[in-house]
Amino acid sequence: MRQTGTCTILIISFMIRGILYVYRSVAASLTQLNPSLKEASIIAGASWFYTFRKVSVPLILPAIIRGSILTLTTLLQELSTTILLYSGKICTVPVQIYGAVSDGRLGEASALSVVLLVVVVIKEYGTLCDFFKSKL
């Protein structure tokens, strides 16, 4: 089964590249958790999984969201991985921008860049609005 140039390999490579942003954000958040919160939950008779689900996850959820937003923003603009793995069937917006600049079609490249920028800003705005609505 050949995966070169398919959407599957692009998604797998994006996940591998993007998981580090989420990992670093969550790891930093986990180091800031007060151990007494978990200890209190365990003393109260809660299981490890219940403690994790009800105490730790709500405290690290903002870090997961921040890491996901950072990952999405960087992956929408990802060129190096895409250009190595894409084929003629699949062409992402960054690859189209790169091709337009290489061919001297700067107007087309600028228009695609603005479209990409607008998509990123709308996505970020929507994510942040949903996040803050859930906090209120």
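Counting heavy atoms from C-beta outward, Leu70 and Ser25 have side chains that stay 4.5 Å or more apart. Residues Ile60 and Leu30 have side chains in contact (heavy-atom distance under 4.5 Å, counting atoms from C-beta outward). Looking only at side-chain heavy atoms (C-beta outward), Leu37 and Leu59 come within less than 4.5 Å of each other. In this structure the side chain of Ser68 reaches within 4.5 angstrom of the side chain of Val22, judged on heavy atoms.
One finds the CD1 atom of Ile43 at 9.5 Å from the OG atom of Ser36 (value rounded to the nearest 0.5 Å). With rounding to the nearest 0.5 angstrom, the OG1 atom of Thr74 is 8.0 Å from the CZ atom of Arg17. Rounded to the nearest 0.5 Å, atoms OG (Ser47) and CZ (Arg53) are 8.0 Å apart. The line from CG of Leu106 to OG of Ser113 is 10.0 Å long, rounded to the nearest 0.5 Å. In this structure, the separation between OG1 on Thr51 and CD on Glu39 is 11.0 Å, given to the nearest 0.5 Å. Ile122 contributes atom CD1, which lies 9.5 Å from atom CG of Leu117 (distance to the nearest 0.5 angstrom).
A 6.0 Å sphere centred on CZ of Phe14 holds more than 12 heavy atoms belonging to other residues, nucleotides or ligands. A 6.0 Å sphere centred on CZ of Arg105 holds more than 12 heavy atoms belonging to other residues, nucleotides or ligands.
Taken together through direct or relayed side-chain contacts under 4.5 Å among Ile, Leu, Val, Met, Phe, Trp and Tyr, Ile19 and Met15 form parts of separate hydrophobic clusters. Note: the hydrophobic cluster containing Tyr21 does not contain Val120 (ILVMFWY, side chain heavy atoms under 4.5 Å, direct or indirect links). Val93 and Val121 are assigned to two separate hydrophobic clusters, defined by single-linkage of ILVMFWY side chains at heavy-atom distances under 4.5 Å.
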Inset, instruction - Output, in order, the C-alpha distance, side-chain angles, deciding distance and verdict of side-chain contact (heavy atoms from CB on, under 4.5 Å) for Lys38 and Ser56. - result: CA-CA 8 Å; Lys38 290 188 263 186; Ser56 299; 4.1 Å; yes
